[in-house]
Amino acid sequence: MGTPDAAARRARLREVLLSQGVVLLADAARLFEVHPMTIRRDFEHLENSGLARRVRGGIVNTGGEGFAQRRNRQAAAKRRIGRKLLELVGPGGAVGLDSSTTVHALAEVLPAGQGISVVTTGLEAFDTLRGRGGVRCYLTGGEHEEENSSLVGPLAVNALRTFHLDVCFLSALGVHPATGTSESTLEQAGVKEVMASVSARVVLAVDSSKLGSRSRVRALPLERADVLVTELDPADGRLEEYRDRVGELR
């Protein structure tokens, strides 16, 4: 098809990404007849614009999706993760939940009548839990980050610092064995860092599609996570790189 200039090539990549949800590096290099390093720079541009997240061999779409759309992505894996997370919640505890669709799977299955206190930055998690008997739910203040249906910024950070949490449940846009978790915004990384700092135990919950990937903002090193929960069996070979970096795999 010839070699288009960078702007035209990136516009075409964006169209493919939005329509197909994923673009592979090798396929894009062949399509545009350019060196893979050129495509990597294009991928970086799309990632920095908030439209993409890097995975092994390519990028996946993150931009323009609302909470409901992201919740349906890897839905079966997230439901399995939610059931695993429930095993880590004790009665009467103080629990932190981030705003992710993965951790929202835990909010959906938290039982009533357990005397649990929940602190969350997630509007969807709060909406799911408010009014559930035996669950006392706190929503931090803060600036509305529409991309994640979340509250962020100084008000959210200050609210989190007023709590002592027994455990917090965090997800991430990417999890890499060398660099840890990463997020799409500095603000999102900031509230997760503070939630982890006020928690006696940190549980990182991600579906396996995020393993080995990273986004543009570094967040938590893997050593901060006491437990890594995925939909995989803990003995799965895809978890080998993480086995010595976190306290426990589930």
Side-chain angles (χ1 to χ4, degrees), residues 1-75 77-78 98-102 121 143-153 170-193 204 206-222 230 238 241-242:
M1 63 172 288
T3 305
D5 62 26
R9 189 177 60 248
R10 290 168 182 176
R12 177 58 181 147
L13 282 171
R14 182 180 184 276
E15 291 175 2
V16 175
L17 182 66
L18 292 176
S19 65
Q20 298 184 9
V22 62
V23 180
L24 298 180
L25 175 66
D27 291 346
R30 283 194 297 269
L31 175 65
F32 294 109
E33 299 177 1
V34 295
H35 194 277
M37 186 58 69
T38 300
I39 298 298
R40 287 192 179 94
R41 288 193 290 269
D42 293 338
F43 284 178
E44 183 177 1
H45 174 82
L46 292 170
E47 183 182 33
N48 289 338
S49 69
L51 291 172
R53 172 172 60 84
R54 292 196 213 191
V55 296
R56 287 178 178 171
I59 52 174
V60 296
N61 177 28
T62 60
E65 289 186 310
F67 186 91
Q69 291 171 297
R70 289 185 289 112
R71 182 179 170 188
N72 289 331
R73 180 170 292 189
Q74 302 290 332
K78 290 173 183 176
D98 74 5
S99 61
S100 67
T101 57
T102 303
T121 57
E143 178 184 357
H144 181 207
E145 187 181 74
E146 187 172 355
E147 176 184 347
N148 295 296
S149 193
S150 178
L151 297 176
V152 297
L170 307 175
S171 191
L173 195 56
V175 180
H176 193 276
T179 57
T181 71
S182 54
E183 301 295 338
S184 59
T185 67
L186 287 168
E187 292 79 9
Q188 195 64 221
V191 294
K192 293 186 181 184
E193 164 62 34
L204 178 61
V206 293
D207 71 76
S208 59
S209 72
K210 296 181 178 179
L211 297 176
S213 69
R214 48 190 166 196
S215 190
R216 61 185 180 273
V217 180
R218 292 179 68 156
L220 299 174
L222 282 178
T230 72
R238 284 170 284 182
E241 294 178 291
Y242 304 88

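Screening Leu31, Ile59, Asp42 for a side-chain contact (heavy atoms from CB on, under 4.5 Å) with Leu13, the sole residue that qualifies is Asp42.
Taking every heavy atom of both residues into account, Pro177 and Gly212 meet most closely at CD-CA, 4.3 Å. Nearest heavy atoms, Leu204 versus Ala172: CD1-CB, 4.5 Å. Leu25 and Pro36 get closest at one heavy-atom pair: CD1-O, 3.6 Å. The minimum heavy-atom distance linking Ala28 with Val23 is given by the pair CB-CG1, 4.0 Å. Contact detail for Leu46 and Arg10: the closest heavy-atom pair is CD2-O, 4.3 Å. Closest non-hydrogen pair, Ser171 versus Asp98, comes out as N-OD2, 2.6 Å.
Put simply, OG on Ser100 and CD on Gln188 are 8.5 Å apart, with the number rounded to the nearest 0.5 Å. With values rounded to the nearest 0.5 angstrom, Arg54 atom CZ is found 10.5 Å from Ser213 atom OG. Note that OG1 of Thr38 is 11.5 Å distant from CZ of Phe32, once rounded to the nearest 0.5 Å. Here the OG1-CD distance, from Thr185 to Glu145, works out to 3.5 Å after rounding to the nearest 0.5 Å. Atoms CD and CD, on Glu193 and Glu183 in that order, are 11.5 Å from each other to the nearest 0.5 Å. Here Glu143 contributes atom CD and Glu187 contributes atom CD; the two are 7.0 Å apart, rounded to the nearest 0.5 Å.
In this structure a side-chain-to-backbone donor-acceptor pair under 3.5 Å is present from Thr181 to Leu220. A donor-acceptor pair is defined here as one N or O able to donate and one able to accept, closer than 3.5 Å; such a pair exists between the side chain of Tyr242 and the backbone of Val175.
With contacts defined as side-chain heavy-atom distances shorter than 4.5 Å, the pair Thr102/Val206 does not qualify. Counting heavy atoms from C-beta on, the side chains of Ser182 and Val217 never come closer than 4.5 Å.
A salt bridge does not link Glu44 to Arg41: none of the charged side-chain nitrogens sits closer than 4.0 Å to a carboxylate oxygen. Using a cut-off of 4.0 Å between Lys/Arg side-chain N and Asp/Glu carboxylate O, Glu15 and Arg9 are scored as not salt-bridged.
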